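Data block below; observations after.
Every chain is numbered from 1, with letters handed out A, B, ... down the list of sequences. Please read all numbers here as calculations on a predicted model, not as lab measurements.
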There are 2 protein chains.
Amino acid sequence: MESEPRRTSIRERFREQVRDDVKVVALEQLADGGAESISLNAIAKKLGVSGPALYRYYANRDELLKSLVIDAYHDLRDALLAAPGARDDQCEDRVKALARAYRSWAKDRPNRYELLFKPPLPGYDAHSAEISEAGRSVMGVVLGVITGRLGAESSKSVDEKGAGVNGVLDSEEVLRERRASSPEYQLALRVWSRLHGFVSLELGGAYAAMGVDADALFDTELAVLTVSAESLSEPRRP
Amino acid sequence: MESEPRRTSIRERFREQVRDDVKVVALEQLADGGAESISLNAIAKKLGVSGPALYRYYANRDELLKSLVIDAYHDLRDALLAAPGARDDQCEDRVKALARAYRSWAKDRPNRYELLFKPPLPGYDAHSAEISEAGRSVMGVVLGVITGRLGAESSKSVDEKGAGVNGVLDSEEVLRERRASSPEYQLALRVWSRLHGFVSLELGGAYAAMGVDADALFDTELAVLTVSAESLSEPRRP
DNA sequence: TTGCTTCTGTTAGAACTTATAACTACTCAA
DNA sequence: TTGAGTAGTTATAAGTTCTAACAGAAGCAA
């Protein structure tokens with residue numbers, strides 16, 4: 001958090017502190033009650049200040065939510081980066097590691113995960129440049145895992161490496177050089193969409209409601225995920 | 001809507017009428033503004049009654065939302081049933097038809113689709129028996145399409161056939177006889193989860209934000225969907 | 001140190017929301 | 001015709017977000 005050489009003024013540091021405090025309480029409310037139950041008023045009360053004080057730190061509720069979404073994206077990205085096996089030699093193993101990490105992250109913080117994909121929430125525009133950027137940084141990691149260009153060193157938070165705003169190392173670079181039309185990019189998107197589909201249904205309780213063993217189902221989907229991934233990235237079969 | 005032999009009292013029919021009126025206005029609000037902007041107060045105003053009057057018809061806001069969710073599930077189910085090609089001979093064609101119908105339904109009413117999978121919404125329990133039931137009726141159709149047991153006659157709304165509460169014909173029957181552990185069932189779930197993943201990301205604007213051609217991506221995913229579907233339902237390959 | 005400026009937090013209040021309570025008036029059925 | 005149940009009304013409570021106006025402290029510069 002304090003990688004900067006203390007260039008910030010004492011007031012700015014205080015501001016950041018309070019902004020973080022607000023987010024901490026907001027995450028608590030998010031954890032038990034979902035995004036709807038995040039209330040600036042209640043946060044203020046819990047922080048010991050009264051109501052409108054928080055509007056000095058967040059323009060409105062949506063800005064706070066946006067901030068939470070971006071943080072969550074970055075957190076997810078870091079979790080994927082740190083997945084054991086994300087830098088394996090075998091592509092299949094890398095993808096499996098990614099998938100497991102993705103699912104685990106979501107299951108451990110369901111409300112936070114839902115926050116990410118419930119986007120067109122109240123009024124805040126999901127197409128905010130910052131949110132898109134954060135989303136793309138996750139995509140960068142997915143892409144990096146698939147192409148095996150993650151860079152074996154960094155298995156920790158990207159922020160700690162001081163690698164730019166959301167510099168995802170090689171993968172970010174890949175994002176630029178190979179454009180959206182590249183096969184790897186499309187494959188990454190499809191992997192992501194499948195993972196999201198599975199996890200989303202699981203969190204929504206669909207599997208539970210139908211008496212299905214989600215773990216077993218996930219294993220099956222994992223197998224197909226990697227199979228089709230390989231068959232598509234290296235089209236061997238007729 | 002009036003398949004019953006007019007056994008209902010005039011008052012009950014009036015009640016149903018008002019409940020429907022409320023839902024109609026609610027759907028309008030849902031269409032422009034999302035689920036958050038559904039307000040009992042505003043609905044009442046638009047209907048010319050004042051505020052608390054609606055509480056005679058819906059216990060609370062969540063009950064209205066629950067009702068909308070169930071309707072949406074049934075609507076989606078009917079759309080899938082009516083998909084041109086859902087009763088084709090080729091399994092691959094059936095699944096493709098299903099997938100296209102699914103995506104179309106969602107894209108035509110994004111907010112309504114999101115309502116379905118935003119489940120753990122405010123306070124209403126997504127695991128309400130009725131909602132689970134409605135969700136399962138969609139699964140029934142997916143399963144029916146995959147197994148080719150839809151019954152060639154009924155391409156129209158299930159309700160119009162008077163086939164029980166959400167009687168999905170053969171597929172509902174299949175749901176009972178072959179349990180959740182059957183390969184077809186798991187395959188149906190995986191197909192559904194992939195469709196949901198794709199559509200969800202698309203509606204969320206992820207593809208647009210990354211400058212990806214969603215149509216092309218969908219076509220690719222469609223191909224893999226059916227390929228892996230076949231390879232799994234009939235494990236031919238070593 | 002003095003003084004100015006900027007920032008932070010306060011209270012008051014507007015405009016909403018969901019939801020309940022109490023009361024009136026109507027309709028339906030015996 | 002009488003009586004029950006229903007439908008609507010207003011008033012009200014307890015929330016929410018967010019603005020406005022103001023008080024006071026903190027930082028900064030001369």
Length of the [atom1]-[atom2] vector between [X] and [N], whole Å:
X      : N       : atom1 : atom2 : value
E12(A) : dT8(C)  : CD    : P     : 10 Å
R13(A) : dA26(D) : CZ    : P     : 18 Å
I10(A) : dC7(C)  : CD1   : P     : 15 Å
L47(B) : dT9(D)  : CG    : P     : 11 Å

### Query
Quick one: does Y207(A)'s side chain have a donor or acceptor within less than 3.5 Å of a partner on L201(A)'s backbone?
no
### Query
Does R190(B) offer a backbone N or O that forms a donor-acceptor pair with the side chain of S193(B) under 3.5 Å?
yes
Does [X] have any side-chain contact (heavy atoms from CB on, under 4.5 Å) partners at least two apart in sequence or in another chain, and if so, which?
X       : result
Y55(A)  : L40(A)
A106(B) : Y113(B), V199(B), L203(B)
A26(B)  : I38(B), I43(B), L64(B), L68(B)

Please list each protein N or O that sits under 3.5 Å from an N or O in nucleotides 15-18 of chain D, with the distance.
{"residue": "dT16(D)", "atom": "OP1", "partner": "S39(A)", "partner atom": "OG", "Å": "3.4"}
{"residue": "dT17(D)", "atom": "OP1", "partner": "L40(A)", "partner atom": "N", "Å": "2.8"}
{"residue": "dT17(D)", "atom": "OP2", "partner": "S39(A)", "partner atom": "OG", "Å": "3.4"}
{"residue": "dT17(D)", "atom": "OP2", "partner": "N41(A)", "partner atom": "N", "Å": "3.0"}
{"residue": "dC18(D)", "atom": "OP2", "partner": "Y55(A)", "partner atom": "OH", "Å": "3.4"}
{"residue": "dC18(D)", "atom": "OP2", "partner": "R61(A)", "partner atom": "N", "Å": "2.7"}

### Message
The test is side-chain contact (heavy atoms from CB on, under 4.5 Å); show your working for D75(B) and R109(B) and say whether it passes.
### Response
CA-CA 11 Å; D75(B) 203 44; R109(B) 10 177 126 54; 3.9 Å; yes
Look for any protein N or O under 3.5 Å of an N or O in nucleotides 4-7 of chain D and output each such pair with its distance, or none.
{"residue": "dG5(D)", "atom": "N2", "partner": "R11(B)", "partner atom": "NH2", "Å": "3.2"}
{"residue": "dA7(D)", "atom": "OP2", "partner": "R15(B)", "partner atom": "NH1", "Å": "3.2"}

### Query
In Å, rounded to the nearest 0.5 Å, how long is the span from CG of L65(B) to CG of N60(B)?
9.0 Å
Can you give each donor-acceptor pair under 3.5 Å made by side-chain atoms of residues 27-35 of chain B, sequence neighbours left out, with the distance rounded to 0.1 Å?
{"residue": "Q29(B)", "atom": "OE1", "partner": "S39(B)", "partner atom": "N", "Å": "2.9"}

